[in-house]
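One-based numbering, in listed order, for ligands and for the atoms of each.
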Amino acid sequence: MNKNQNISFQVDAGGSLKGCIRVPGDKSISHRSIMLGAIAEGTTRISGFLEGDDSLATLRAFQAMGVDIEGPDKGRVVVHGVGLNGLQAPAQPLDLGNSGTSMRLLSGLLAGQAFDSELVGDSSLMSRPMRRVTAPLAQMGAEIDTTDAGTAPLKIRGGRRLQAIDYQMPVASAQVKSCLLLAGLYAHGRTCVHEPAPTRDHTERMLNGMGYPVDCSEGAACLDGGGSLAATVIDVPADISSAAFFLVGASIAPGSDLQLQHVGVNPTRTGVIDILKLMGADIVLSNPRIVGGEPVADVRVRAASLHGIDIPLEQVPLAIDEFPALFVAAACAQGRTVLTGAEELRVKESDRIQVMADGLRALGVDAEPTPDGMIIQGGDIAGGTVDSHGDHRIAMSFAMAALRASGPIRIEDCANVNTSFPGFVELAANAGLRMQA
Ligand code: S3P
């Protein structure tokens with residue numbers, strides 16, 4: 001898929017999802033495997049790495065800072081760590097494409113370096129809020145310039161002596177938490193980040209796995225600056241956020257019976273499974289195991305008749321990337337589904353509340369956007385054309401909607417599917433989605 005080409009998906013109506021598939025590696029864990037591998041002592045060997053544009057942007061950023069990285073080759077990457085203080089000044093601004101995780105986590109890591117750096121990205125990333133990281137980093141003594149709107153480019157001044165902080169996050173964000181923990185590695189003293197609700201904890205798990213103690217208790221993650229990370233072996237599980245499209249697709253398409261292999265089921269990520277089950281989905285986990293400190297399982301999903309629910313507030317951060325897909329499930333459910341407490345969706349790769357509501361309405365679905373969520377009345381889905389606004393998860397969600405539509409669905413602006421799910425079209429077509437690879 002060529003990023004510069006405007007790609008649309010054309011999906012014929014109907015079909016069911018069957019067979020046994022493995023979706024690509026977890027995006028969040030792939031980013032962290034490169035970042036932490038790069039600043040570790042020794043050689044980190046990664047398998048299952050996501051070869052999508054976002055995680056590749058992180059990989060290239062570290063290559064630009066002098067880290068010797070081999071691969072990726074069929075998901076295998078070898079990172080020759082340079083230690084906490086071994087990164088070198090990049091010759092140019094680091095271009096992080098569409099990747100918010102790269103920009104927010106790197107801002108923390110780079111705030112503690114001896115050299116200046118600058119972070120840029122595509123038009124979506126350059127309009128996303130960055131004060132949520134630059135403000136607490138400034139409290140630590142970092143000096144980072146943004147635009148007046150608080151957006152990138154981020155110009156990060158090196159050579160600052162960082163001081164640890166005890167920080168209460170106003171939003172439940174794993175990117176902010178991870179950013180501050182990475183800055184905390186370079187800070188004098190003990191950095192503690194308190195979260196208003198549990199968020200994904202891959203950074204904490206990986207740091208602990210690399211021998212860098214992170215204390216996680218009572219809603220906070222704390223670490224002392226100035227230690228060192230030991231290189232390790234990382235097996236990245238399949239991304240539950242990519243599996244989510246298939247969990248929804250197989251649930252809504254009559255006759256479906258699909259097995260998803262080696263899926264990461266970290267409890268800070270499984271909101272999509274719990275929410276779908278509350279809606280009546282038939283999802284069964286088997287063969288639970290721990291792989292490199294992360295829970296993994298095989299997941300079987302069969303078609304079921306879904307009903308609308310009020311989505312529990314505490315599930316929102318645990319399913320934050322899965323709401324585009326869950327909105328499609330809600331459109332196919334009997335009765336009303338109400339989401340609240342999810343204003344964060346408005347500042348993702350697109351405004352996911354507005355863009356999903358517009359798309360669902362274009363397909364005849366009764367969807368009412370609210371400031372912090374959506375009210376969806378389940379019913380029939382018509383064929384039609386929707387605009388994904390360059391948002392990968394929106395494109396893939398509407399592709400799944402075709403399984404229950406009465407006519408073909410055309411989805412515009414889909415090139416960014418490659419940021420998180422290279423090979424989506426082929427895998428989905430093989431499983432039974434009626435789209436041309
Ligand atoms: C991510 C955290 C979440 C999520 C994003 C990946 C991460 O963002 O939406 O796709 O890897 O830490 P927020 O921290 O903004 O909630």
### Message
For Cys222 and Cys216: C-alpha separation, side-chain torsions, deciding distance, then whether disulfide (SG to SG under 2.5 Å) applies.
### Response
CA-CA 7 Å; Cys222 301; Cys216 304; over 6 Å; no

### Query
Which value, rounded to the nearest 0.5 Å, describes the distance between Thr337 atom OG1 and Ile375 atom CD1?
10.5 Å

#### Entry: Separation between CG of Asn416 and CE of Met396, rounded to the nearest 0.5 Å
9.5 Å

### Query
Going by the order shown, which atoms of ligand 1 are within less than 4.0 Å of some heavy atom of Ile320?
9 (O)

Please check if the side chain of [X] supplies one atom and the backbone of [Y] the other of a donor-acceptor pair under 3.5 Å.
X      : Y      : answer
Ser127 : Ser124 : yes
Asn208 : Val214 : yes
Arg346 : Asp351 : no
Asp372 : Glu343 : no

So is there a nitrogen or oxygen of [X] less than 3.5 Å from a nitrogen or oxygen in ligand 1?
X      : value
Ser28  : yes
Ala174 : yes
Ser173 : yes

For [atom], what's the nearest protein heavy-atom neighbour? Residue, atom name and distance, please.
atom                    : result
atom 2 (C) of ligand 1  : Gln175 CG, 3.5 Å
atom 6 (C) of ligand 1  : Thr101 OG1, 3.4 Å
atom 10 (O) of ligand 1 : Asp321 OD2, 2.7 Å

### Query
What residue among Thr203, Thr101, Asp26 forms side-chain hydrogen bond (donor to acceptor under 3.5 Å, both in side chains) with Arg32?
Thr203

### Query
Is Lys177 in contact with ligand 1, taking contact as a heavy-atom separation below 4.0 Å?
no

### Query
Heavy-atom contacts under 4.0 Å between Lys348 and ligand 1: side chain, backbone, both, or neither?
side chain

### Query
Should the proximity of His31 to ligand 1, defined as any heavy atom under 4.0 Å, be assigned to the side chain, the backbone, both, or neither?
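Neither; nothing of His31 gets under 4.0 Å from ligand 1.
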
### Minimum non-hydrogen distance to atom 7 (C) of ligand 1, winning option of Lys27, Arg32, Glu349
Arg32

